[in-house]
S.K.: 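Have a look at this one.
Throughout, a chain's letter reflects where its sequence line sits, starting with A, and its residues are numbered from 1.
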Amino acid sequence: MNSSLRFKNPVRLGHITPEKIRKFQPTLMFWGAGAAGAVGLFLSSIPIFKHDILHKVPIINLYFQDNTPDCDKPF
Amino acid sequence: MNTPLEHPDPSKLPKLQLFYNTFVRRNSVFVSSIFLGAFAFSITFDLATTAFWERHNRGKLWKDIRDKYVKTGEEED
């Protein structure tokens, strides 16, 4: 009886169960890293994204900082 | 997947096999490595070309000759 009850998990969303999420966890992590890479690639030229996110990532922020001296900024 | 005999140079196959097994076998890894590689390449390529340009034109760039024309602390009219 216990073994038949084991698979009746009340937490589910359609066919998505915690067991399936656990099984796909590595794949989901890779997709997450890929999505982060895509967002970083495509939004890296947008100032608000630079200011809010890229300036706060260590190492990478060295590249995205604006090192132009104030005397060279007319506006 | 191709059999080893179909490859033109069988001595290179293990590297290709390693590349295939590491990057291509799972689509999540393949797509992620493309995006992360593109992001990393965009930065390294820009750094490399900028470094080359500044080294090639050293002494001619505004940052090198600014001190001849702009006195630090001087206010413009």
Side-chain angles (χ1 to χ4, degrees), chain A residues 6-75, chain B residues 1-3 7 12-77:
Chain A
R6 198 175 50 169
F7 297 102
K8 288 181 181 171
N9 197 319
V11 183
R12 59 186 300 149
L13 186 72
H15 288 285
I16 304 168
T17 59
E19 285 80 14
K20 281 189 183 168
I21 291 175
R22 213 163 293 134
K23 188 178 149 194
F24 282 102
Q25 200 176 25
T27 306
L28 290 171
M29 279 165 59
F30 282 122
W31 280 119
V39 167
L41 176 67
F42 294 127
L43 301 187
S44 58
S45 57
I46 296 176
I48 193 169
F49 183 78
K50 269 191 211 171
H51 179 263
D52 285 352
I53 292 164
L54 292 175
H55 285 181
K56 290 166 187 166
V57 182
I59 298 169
I60 288 177
N61 61 4
L62 299 174
Y63 172 75
F64 286 100
Q65 274 161 4
D66 185 7
N67 293 323
T68 310
D70 283 337
C71 63
D72 286 351
K73 290 178 181 168
F75 303 110
Chain B
M1 217 183 121
N2 290 344
T3 58
H7 195 267
K12 287 182 180 168
L13 197 91
K15 281 177 194 164
L16 280 175
Q17 191 88 56
L18 187 69
F19 173 79
Y20 178 87
N21 288 340
T22 312
F23 292 109
V24 188
R25 194 176 277 268
R26 299 178 95 172
N27 193 36
S28 56
V29 177
F30 190 45
V31 173
S32 302
S33 60
I34 287 170
F35 280 128
L36 292 171
F39 184 62
F41 179 77
S42 69
I43 292 175
T44 50
F45 186 76
D46 185 39
L47 287 175
T49 51
T50 304
F52 167 74
W53 182 256
E54 290 182 351
R55 189 165 49 85
H56 191 73
N57 295 297
R58 194 184 296 144
K60 302 177 199 166
L61 301 170
W62 172 245
K63 63 174 184 171
D64 299 329
I65 61 169
R66 185 197 298 116
D67 293 340
K68 290 184 188 170
Y69 301 97
V70 181
K71 301 285 182 291
T72 51
E74 184 181 299
E75 286 293 319
E76 283 186 37
D77 294 332

S.K.: To the nearest 0.5 angstrom, please state how far the CH2 atom of Trp31(A) sits from the CG atom of Asn27(B).
M.R.: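 If we round to the nearest 0.5 Å, Trp31(A):CH2 and Asn27(B):CG are 4.5 Å apart.
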
S.K.: More than 12 foreign heavy atoms under 6.0 Å from CZ of Phe24(A): is that the case here?
M.R.: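 Counting other residues, nucleotides and ligands, CZ of Phe24(A) stays at 12 neighbours or fewer.
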
S.K.: Surrounding NZ of Lys73(A) (heavy atoms of other residues, nucleotides or ligands, distance under 6.0 Å), is the total greater than 12?
M.R.: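 It does: Lys73(A) NZ has more than 12 such atoms within range.
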
S.K.: Select, from Ala36(A), Gly32(A), Gly34(A), Pro69(A), the one with the greatest count of heavy-atom pairs under 4.5 Å involving chain B.
M.R.: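 It is Gly34(A).
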
S.K.: Applying a heavy-atom distance below 4.5 Å, give me the residues of residues 30-45 of chain B that approach chain A, sorted by number.
M.R.: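 Contacts with chain A: Val31(B), Ser32(B), Phe35(B), Leu36(B), Ala38(B), Phe39(B), Ser42(B), Ile43(B).
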
S.K.: Does any heavy atom of chain B fall under 4.5 Å from the side chain of Ser44(A), the backbone, both, or neither of them?
M.R.: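 Just its side chain gets close to chain B.
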
S.K.: Would the number of heavy atoms belonging to other residues, nucleotides or ligands and lying under 6.0 Å from NE2 of His55(A) be above 12?
M.R.: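 Correct, the count exceeds 12.
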
S.K.: Is it the backbone or the side chain of Ile60(A) that comes under 4.5 Å from a heavy atom of chain B, or both, or neither?
M.R.: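 It is the side chain, since no backbone atom gets that close.
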
